[in-house]
Each structure stands twice: as structure tokens, then as C-alpha cells.
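Notes follow once the structure below has been shown.
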Amino acid sequence: MATAARGPYAEKTAIRLYRSADGDDQSVGDLFASHLDLARGHMLLGDLGDLGGTEEMLDFVLAASPERMSASIVRRLTVLGMELEGPQYGGAAQAVHLRERLQHTAVRASLPAAHPPELPT
């Protein structure tokens, strides 16, 4: 199997194995970060055809509740959205759609209601 052909299989296998780990061995932040890193990897291939892979990786994060997103994840979402404005995507409809989804999620996760203060115990 060619290296490029193994890439998508390997990344999905790695995420599946991580998700199947015991709850104590998982971090939602790590899962979000890994999905965002893989999405960026798809984007950097420079092929609009790979935005489908990008969207597949992003869906895990974008479907999560905003309260689960750290400031670091919000920053990553914002950076990915800005990268989709790049000339290599030429304003393609799919790139615009993904950018809007990223921006919407980043705004929702940044609102104070997404991160209420902890009550004293």
C-alpha cells in the first residue's frame, strides 16, 4: 500500500484506538487537538478535494458543546478559519462554508455563557 494511501487509514485507526481507551486515559482536549491537527494536514495538502477529509475531522470538534472547548481549541479554530481565506482555496464554496462553521463555533465557545464561573463549594 502506498504511503499516501495509508495516511487516511492510519489517522482514522489512531483516533479510533484513542477513543476506545478507558475514560481515565482520554482527554477531550487531546481529541479535539488531534482532530484539528489532522484537519489542518488535509488542508495543507492544497487540494480542494481533500476538504472533505478536513470537514470529516472538523465535525468531531464542531459538533461538541462549546463548554467543552478550551481557549487553546478556540484559538486553533480561529487560525484554521483564517487559513481557509488563503489564495490556495480561491474562495471555493466549500472553503467558505467551513470557515463560517469554524468562526461560528469559535464565537459560541468564546461567549461567557459557554464557560460559567465555578460556584464556591
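The first residue in the sequence is number 1, and the count goes up from there. Please read these numbers as outputs of a predicted model, since none were measured by experiment. Hydrogens, waters and symmetry mates are skipped; everything else that's a heavy atom, side chains included, is used.
When side chains are defined from C-beta on, Ser70 counts as touching Ile73, because their heavy atoms get closer than 4.5 Å. Counting only heavy atoms from C-beta outward, the side chains of Arg68 and Phe32 approach each other to under 4.5 Å. Looking at Met43 and Leu98, their side chains never come closer than 4.5 Å, going by heavy atoms from C-beta outward. In this structure, His42 and Glu56 have side chains that are not in contact, with every pair of non-hydrogen atoms separated by 4.5 Å or more. Side-chain atoms of Leu58 and Glu55, non-hydrogen and from C-beta on, never get closer than 4.5 Å to each other. A heavy-atom distance below 4.5 Å is found between the side chains of Met69 and Thr105. At a threshold of 4.5 Å between non-hydrogen side-chain atoms, the residues Leu102 and Thr78 do not count as touching.
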Going through the checks in order, is the side-chain contact (heavy atoms from CB on, under 4.5 Å) test met by Met57 and Asp37? CA-CA 9 Å; Met57 289 295 112; Asp37 290 344; over 6 Å; no
Stepwise, does the side-chain contact (heavy atoms from CB on, under 4.5 Å) test hold for Leu84 with Glu100? CA-CA 10 Å; Leu84 283 168; Glu100 288 172 353; over 6 Å; no
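Side chain of His97 to main chain of Ala93: no donor-acceptor pair is present (N/O by atom type, distance under 3.5 Å, no hydrogens or angles).
Hydrophobic cluster membership differs between Leu62 and Val107, with clusters built from Ile, Leu, Val, Met, Phe, Trp and Tyr side chains linked at under 4.5 angstrom.
Considering every non-hydrogen atom in both Leu31 and Phe60, the closest pair reads CB-CE2, 3.8 Å. Counting all heavy atoms, side chain and backbone alike, Pro66 lies closest to Ala109 at CB-CA, 3.6 Å.
A distance of 11.0 Å separates CZ of Arg108 from CG of Leu77, quoted to the nearest 0.5 Å.
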